[in-house]
Engineer: 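Please read through the structure below; I'll follow up with questions.
Along the sequence shown, residues carry numbers from 1. Numbering of ligands and ligand atoms starts at 1, following listing order. The basis for the numbers below is simple: all heavy atoms, side chains too, and nothing from hydrogens, waters or symmetry mates. Just so it is clear, the model here is predicted, and its values are computed rather than measured.
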Amino acid sequence: MRTLSLISFLFFLLQSAYAQNALPIYKDSKAPIEKRITDLVAKMTLEEKILQLNQYTFGLNNNPNNMGEAIKDVPPGIGSLIYFGSDPAVRNLMQKKAMEGTRLGIPILFGFDVIHGYRTIYPISLAQACSWNPDLVEKACAVAAKEAKLSGIDWTFSPMIDVARDARWGRISEGYGEDPYTNAVFGVATVQGYQGKSLTDPYSIAACLKHFVGYGESEGGRDYRYSDISAQSLWETYLPPYEACVEAGAQTLMSAFNDISGIPATANHYTLTDILKTRWKHDGFVVSDWDAVAQLINQGVATNRKEAGLKAFMAGVEMDMSDKIYQENFQQLVLEKKIPMDKIDDAVSRILRVKFRLGLFDQPYTTVVEESARYLQPESKAIAQQLAAESMVLLKNQNRTLPLASSVKNIAVIGPMAYSKIDLKGAWADSGNEKDIESILEGFQKEFKNTVSIKSAKGCDFEGTNESGFQEAIALANQSDVVIVCLGEKKGWSGENASRSTIALPAIQEKLIMALKKTGKPLVLVLSNGRPLELVRIEPLADAIVEMWQPGNEGGSALAGIISGRINPSAKLSVTFPRTTGQIPVYYNMRPAARKGTQGNYQDIPTEPLYWFGHGLSYTTFTYDNVKLSSEKIRKTDKLIAEVTVTNSGKMTGKETALWFISDPVSTISRPMKELKFFEKKEIRAGANTTFKFEIDPMRDLSYPDANGNRILEAGEFFLQVDGQKIRFELVD
Ligand code: GLC
């Protein structure tokens, strides 16, 4: 008996010794993530939990719209930091304080706005969508993720997938245009590019869908404004890109500044919890936009910071960016039983879940490599240049002005945009370096080398009234065979807090091209801008127009390649260009008017916009023949195959995108005149042809959401449209 008790005593001693030295479950990389979360949350104090719900800035904040004091004493138990530096060693020092200087060693999540590249800057999102090449966008985002990860970033506040139809709104540059399906496809490609095959892959970073939801509807195109969004529009226009990206595994979302018909997006339980968490079962977390919790006071739904924090958190915002409201008030709110502990635990679990999925508990530090190995690799630059080239839209090409004929020996590159580098970068590319950007002039000098004389003149500034440079510009134009007129917007004229009352270029720029027109020389207008522009006065003056958008580092070469004919332009607009600012909003998928023809349109301008969504020219010609359907009548459970044969009937190989639209002319509710449901881009050699195919799934492609988000599929007549050709079919019960 005595031996037995001795053995069991010894066993007890061994077991408790083992227990004390054994790795806690949350630190065991082999344990299931959900068990690690449960184990850790059970160990955390309320103070430790609340700190996880906060995000501060770290490093010198260079965002002019969000100036906050540089945080000196960052608490190492903080949930997340916006890292404005790019040195992984500095990030690792801060992470070490969290891992070794706190009781439980919970890693910090470092975030940053990696929007269209980190150091290898590629085109703005609005331009990317004009490429109709999501695979290429995914590759570009993978480059951005790798460069960001090697700089100490685990999480990017991207993609922005806010459908926008008001070009006065500067942030139209940051999304993928006016169409929900386009935003969904490119949003998914971006999420996949950032998050890779697995979040624990060495160069994967977490994506953040923003700004949830309806920010693009900001009244009058003014930023941070009221957005009147019906339940029908919410489900039909603004939610679909988010649903697709949540489905694709996006780990986080950011709540928007705007309110949704009176209830701010950052305090909107319906969108943040009922839809996102309950219906879509999103198990990551939501971070507020910068100071958006505090701004609930300005929006008139909270009397003080404490109430604002309570409203945002109970609506479904797990992490508070920058205003420290959660940290300041949640101990008290839990004490007052206004915030239940299980709500705190759920929010902390969501944040920890993303950190565990990223592998931060097991690999908390960034591998430090030389800058030369981190950034601007040749293959990265090649991707950026290809995306820039495939994003530039040939809007006009009268008398085949482009590509330039071999007889052209003297080119004048004129205009304020000819020399600019920083303005080709576009909004939100602050981790990029101006010295890495190739200007338009540099691109031409490289492209044409010694074969053609390239001379330049600025002509005028971007704005102002100084015409003193006109004479030099005109004299240069007179000595040249062709004039490349380089106009557009400065970097700061689009992006956040960059609303403009007119989308026309400043008068001085219009005056310059008018003056150059008088020389009688062929004019090629090149535009670099972050929004659709009002071109109604200058479009007739140009023989050719190339919309180059804000192409990033490699835009100069890409543009010169298009002008020379080395590259055949293949882009098509992802957003409609209104004829005038007064025509806003005008977009391709409007609902039909009560009266046909010109009735009800503006009396003082033509009804049509200048360029529709989907417009874009090539140096070759593509003809669409033999559009056919596998049947004229289908049941709701059938599939319908649509095909079209596209021939490259020109002399130059080119890439063509087939855009497939569906129309539902009669339905219980008025439906858009047509809706993009599929697209595909292919290269077709000169003289060859290929077949584009679209498999129509009735529930996916013919149904619509009602005001509660239920899919409604109604039998009746439908039309399929491709290249303007319409073909009828019927859906039967
Ligand atoms: C900004 C922007 C948001 C950005 C965030 C962090 O105010 O609205 O898009 O990600 O703050 O910089």
Engineer: Atoms of ligand 1 less than 4.0 Å from Phe257 heavy atoms?
Structural biologist: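 Answer for ligand 1: 7 (O), 8 (O).
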Engineer: For Trp428, is the NZ or CZ atom of Lys210 found under 6.0 angstrom from the centre of its six-membered ring and inside 45 degrees of the ring axis?
Structural biologist: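 Satisfied, under 6.0 Å and within 45°.
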Engineer: Return yes when Arg171 approaches ligand 1 closer than 4.0 angstrom through a heavy atom, no otherwise.
Structural biologist: yes
Engineer: Assess whether atom NZ of Lys306 is packed by more than 12 heavy atoms of other residues, nucleotides or ligands within 6.0 Å.
Structural biologist: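 It does: Lys306 NZ has more than 12 such atoms within range.
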Engineer: Does Lys324 make a cation-pi contact with Tyr56 (under 6.0 Å, within 45 degrees of the axis)?
Structural biologist: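 Geometry flag: set, cation within 6.0 Å and 45°.
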Engineer: Nearest protein heavy atom to atom 6 (C) of ligand 1, by residue and atom, and its distance?
Structural biologist: Asp113 OD2, 3.3 Å
Engineer: Within less than 4.0 angstrom of ligand 1, does Asp289 place any heavy atom?
Structural biologist: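 In this structure, Asp289 qualifies as a contact of ligand 1 - some heavy atom is under 4.0 Å.
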Engineer: Do NZ/NE/NH1/NH2 and the carboxylate oxygens of Arg531 and Glu489 come within less than 4.0 Å?
Structural biologist: yes
Engineer: State if Trp428 counts as touching ligand 1 under the rule of any non-hydrogen atom under 4.0 Å.
Structural biologist: yes
Engineer: Are the side chains of Phe110 and Phe58 in contact, using a 4.5 Å heavy-atom criterion?
Structural biologist: yes
Engineer: Measure Asn66 to ligand 1 on non-hydrogen atoms and call it side chain, backbone, both or neither using the 4.0 Å cut-off.
Structural biologist: side chain
Engineer: Checking Arg222 against Trp169: charged group under 6.0 Å from the ring centre and within 45 degrees of the axis?
Structural biologist: no
Engineer: Are Arg119 and Glu371 within salt-bridge range, i.e. N to O under 4.0 Å?
Structural biologist: yes
Engineer: Taking 4.0 Å as the limit for heavy-atom contacts, which would you say applies to Glu174 with ligand 1: side chain only, backbone only, both, or neither?
Structural biologist: neither
Engineer: Report the part of Met160 in contact with ligand 1, treating N, CA, C, O as backbone and CB onward as side chain, heavy atoms under 4.0 Å; options are side chain, backbone, both, neither.
Structural biologist: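 Under 4.0 Å from ligand 1, Met160 contributes no heavy atoms.
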Engineer: Heavy-atom contacts with Lys210 under 4.0 Å: which atoms of ligand 1 show up? List them by number with element.
Structural biologist: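 Answer, ordered by atom number: 3 (C), 4 (C), 9 (O), 10 (O).
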Engineer: Any atoms of ligand 1 less than 4.0 Å from a non-hydrogen atom of Met254? List them with their elements.
Structural biologist: 3 (C), 10 (O)
Engineer: When only distance counts, is His211 in polar contact with ligand 1, meaning an N/O pair under 3.5 Å?
Structural biologist: yes
Engineer: Taking only heavy atoms of Phe157 into account, list the atoms of ligand 1 that are under 4.0 Å away from them.
Structural biologist: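 This gives 10 (O) as the contact atoms.
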Engineer: Please test Tyr224 against Trp290 for ring-ring contact (aromatic ring centres under 6.0 Å, His included), starting from the C-alpha separation and ending with a verdict.
Structural biologist: CA-CA 11 Å; Tyr224 318 117; Trp290 181 282; over 10 Å; no
Engineer: Looking only at N/O atoms, are Trp290 and ligand 1 under 3.5 Å apart anywhere?
Structural biologist: no
Engineer: Check whether NZ of the Lys or CZ of the Arg Arg91 lies under 6.0 Å from the centre of the six-membered ring of Tyr83 and within 45 degrees of that ring's axis.
Structural biologist: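 Because its charged atom misses either the 6.0 Å distance or the 45° angle limit, Arg91 does not stack over Tyr83.
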